2 protein chains.
Amino acid sequence: MATLDDIAKLAGVSATTVSRVINNYGSLSEKTKTKVFSAMQELNYQPNSLARSLKGKKTKLIGVIMPGVSNPFFGQMVQEIEDQLFKKGFKMILCNAGNDAQKEKDYLRMLMANRVDGIIAGSHNLGIEEYQKVGLPIISFDRYLSDNVPIVSSDNYQGGELAAQSLISSGSKNPQIITGSNRPNSPTNSRLTGFKDVLEKHDLSYNLIELPFSSSPNIKSLKIKELLTNKKIDGIFCTDDLTALLVKQQAQALNLQIPTDIRLVGYDGTNFIQNYHSELTTIMQPITDIVTMMIDLLLKRIDDPDCQLEKNYVLPVKLITGGTTI
Amino acid sequence: MATLDDIAKLAGVSATTVSRVINNYGSLSEKTKTKVFSAMQELNYQPNSLARSLKGKKTKLIGVIMPGVSNPFFGQMVQEIEDQLFKKGFKMILCNAGNDAQKEKDYLRMLMANRVDGIIAGSHNLGIEEYQKVGLPIISFDRYLSDNVPIVSSDNYQGGELAAQSLISSGSKNPQIITGSNRPNSPTNSRLTGFKDVLEKHDLSYNLIELPFSSSPNIKSLKIKELLTNKKIDGIFCTDDLTALLVKQQAQALNLQIPTDIRLVGYDGTNFIQNYHSELTTIMQPITDIVTMMIDLLLKRIDDPDCQLEKNYVLPVKLITGGTTI
DNA sequence: TTCAAAATGTCAAACGTTTATCAAAATTAT
DNA sequence: ATAATTTTGATAAACGTTTGACATTTTGAA
């Protein structure tokens, strides 16, 4: 691979001059600029990022830690992140941590080793300490990591409220919630609270079951079937759209009419759901805005590591009404 | 951030010794090893990847260029790549090139600049020349890039055959194909050929329409509706599952029974489809195997840039029969 | 004790840049 | 033509490692 010296030789100038051209500083004549550029072209030269960064330049790399990318929600989010970062001249190292704490830790170390300029974290299996000693600008999606890591999220409480309202106004008297695993500081908790609060206002009670994210769709389906046959439920709020799809399937299999017998509300409202399951009433998280916010904050922190940021940035969600509620 | 010298000082040994510990060469006593390790621990030290790579060590970075990750097929593939790479100690720089040639070119340059050890390419908007002058080990998914870039793919021809057979054996007499945009060396071409060849053997003819990947689901739906109302079609083969979902929706909306009025076969068979749309008959591409193959070949090339590889590696696909054919 | 082997240390070059300093050459203005 | 200015060059240090050559110390055994 061609180096700066090769370019200098080919262009018939000094290495210093080439560097000046690349970094556009000092005074340069048009003539030498062209000479250098065409030499770079000819040799398909790319300044060695490693060497530049070593000398103190930014790497222009951002580490993105997510649970995974095959889930449409995170898929869309990652895509959006990538897209927006690229437009700002950054590249992304994607880390799918799954729910593997060790993997997340390894990735964190790796990102440090690679001197990324910053980290966007959307997967959180680790304790606070791990994140504290990273010493890099970090922005978190939807979960508390450490005191100086700003959290960007959508309004989970409002989402819960909207879901409840939508079930109630379409006639549900015996609503049910299906959540993923309910860990202590999981964002779905606020969804629950919002949901609960609205129900209480209407003097309604509700049932709740937990279907861990990690369990397979088949197992979930089974439990859902059980639920639908045994209980006299007339409305279901799932804290993610995919589970809502399973509910829909099972309801159909049991010949329960949606929305007359069962009203159904999902959560997330990804493009995928909007495009391929527009019948589903759901709460849409503003992925694009969330990402814009995260990147904005992150770049601020990168520019000025000491800049003060809020602890929380909460963006509004939106109810998308489909045929599964009236 | 702590450097090697800091560790040396803290551990009370020389920098050389620390390096020896890190790289595990030369002779070392257990005692110093422990001293060094605990110093590294204490300072949360990570050897600077940039410096190491500059000195000639591998970066352990692999560039992955894909059209995008919000599509479940590529989402799953990227996830699989990430997973397998991680297990082998590599990290991934994900590049979503969309169908933007300029972006793909930019990414290619960036990957060179970052001295990735190799590239997996699944998005191909660029001409051969661009890929030829990269000068890095590359493996391509499903498309021809350049003479010395091995192609890993699943058996598109066989996929077409299976789709046709499945439509025919479930009673279709007037099959229709819906493909994405049919570019000259697109893999869907062989799917078409396989499909056609089987039909010919059965003295059947078929219709074809193209719905460019880039067009929105709404537009596609409209065209599908048109198709379903105007023609007397009794079977449809979509060269991707998502389009098949749209067909299913439109058929239902038009009160056409599946599979009695219309038989339907999709393509790809991602986990997502298998989990959430198991009713769909589809051709499953062996994503895991494809990825294993690609990584295997890539690492071989990285180890020995001159090693001879085949031009094509074709893996078998599998028919998954669901309720949309009998 | 003596000697070999094992364990460290010292020193320096190298990887490909960036950047500062100083000097020289080329260009422009007067 | 002279001075002032602009452009370029030469040199070197620095970024944080790795690695080799060589020297020194420690250890353990004969």
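If you're wondering where the values come from, they're calculated on a predicted model, not measured in any experiment. All heavy atoms count here, side chains included; hydrogens, waters and symmetry mates do not. Chain identifiers are assigned alphabetically (A, B, ...) following the order of the sequence lines, protein sequences preceding nucleic acid strands; residue numbering begins at 1 within each chain.
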* Can you tell me how far P of C:dG9 sits from NZ of B:K9, to the nearest Å? -> 14 Å
* Asked: Counting only distance, no hydrogens or angles, is the base of D:dT11 paired donor-acceptor with the side chain of A:T16 under 3.5 Å?
  -> yes
* Among D:dT18, D:dG16, C:dT18, which nucleotide sits nearest the side chain of A:I22? -> C:dT18
* Which residues, if any, of residues 24-53 of chain A bring a heavy atom under 4.0 Å of DNA chain D? -> A:S27, A:L28, A:S29, A:T32
* Among the candidates C:dT19, C:dG16, D:dT18, find the nucleotide nearest to the side-chain atoms of A:N23. => C:dT19
* Do we see a donor-acceptor contact under 3.5 Å between the side chains of B:Q76 and B:E80? -> no
* Does a donor on one side chain sit under 3.5 Å from an acceptor on the other, for B:Q102 and B:D106? -> yes
* Of the nucleotides C:dG9, C:dT17, D:dT17, which has the atom closest to the B:S14 side chain? -> C:dG9
* Structure fact -> Note: for B:A15 and A:L54 on DNA chain D, the residue whose nearest nucleotide lies more 5' is A:L54
* Asked: Checking all strands, does A:S19 fall into the base, sugar-phosphate, or nothing category for heavy-atom contacts under 4.0 angstrom?
  -> base
* Under the side chain to side chain donor-acceptor pair (under 3.5 Å) test, residues paired with A:Q285 that sit two or more places apart -> A:S154, A:D268
* For the pair made of CG in B:D5 and P in C:dG9, what is the distance, rounded to whole Å? -> 13 Å
* **Between P of C:dG16 and NZ of A:K57, the distance in whole Å** => 19 Å
* Does a salt bridge link B:D296 with B:K300, judged by any charged N lying under 4.0 Å from a carboxylate O? -> yes
* Asked: Over how many whole Å does the gap from A:L4 atom CG to C:dA14 atom P extend?
  -> 18 Å
* N/O (side chain, A:T17) to phosphate O (OP1/OP2, D:dT8) under 4.0 Å -> no
* Asked: Does a donor on one side chain sit under 3.5 Å from an acceptor on the other, for A:S14 and A:T17?
  -> yes
* Donor on one side chain, acceptor on other, A:R52 and A:N23, under 3.5 Å -> yes
Filtered N/O pairs between nucleotides 22-25 of chain C and protein, under 3.5 Å:
none

* Asked: Rounded to the nearest 0.5 Å, how far apart are CE of A:M92 and CZ of A:F86?
  -> 12.0 Å
* Asked: Just how far is it from atom CG of A:L136 to atom CG of A:L111, taken to the nearest 0.5 Å?
  -> 8.0 Å
* **Value rounded to 0.5 Å, distance of CG in B:D142 from CG in B:N156** => 5.0 Å
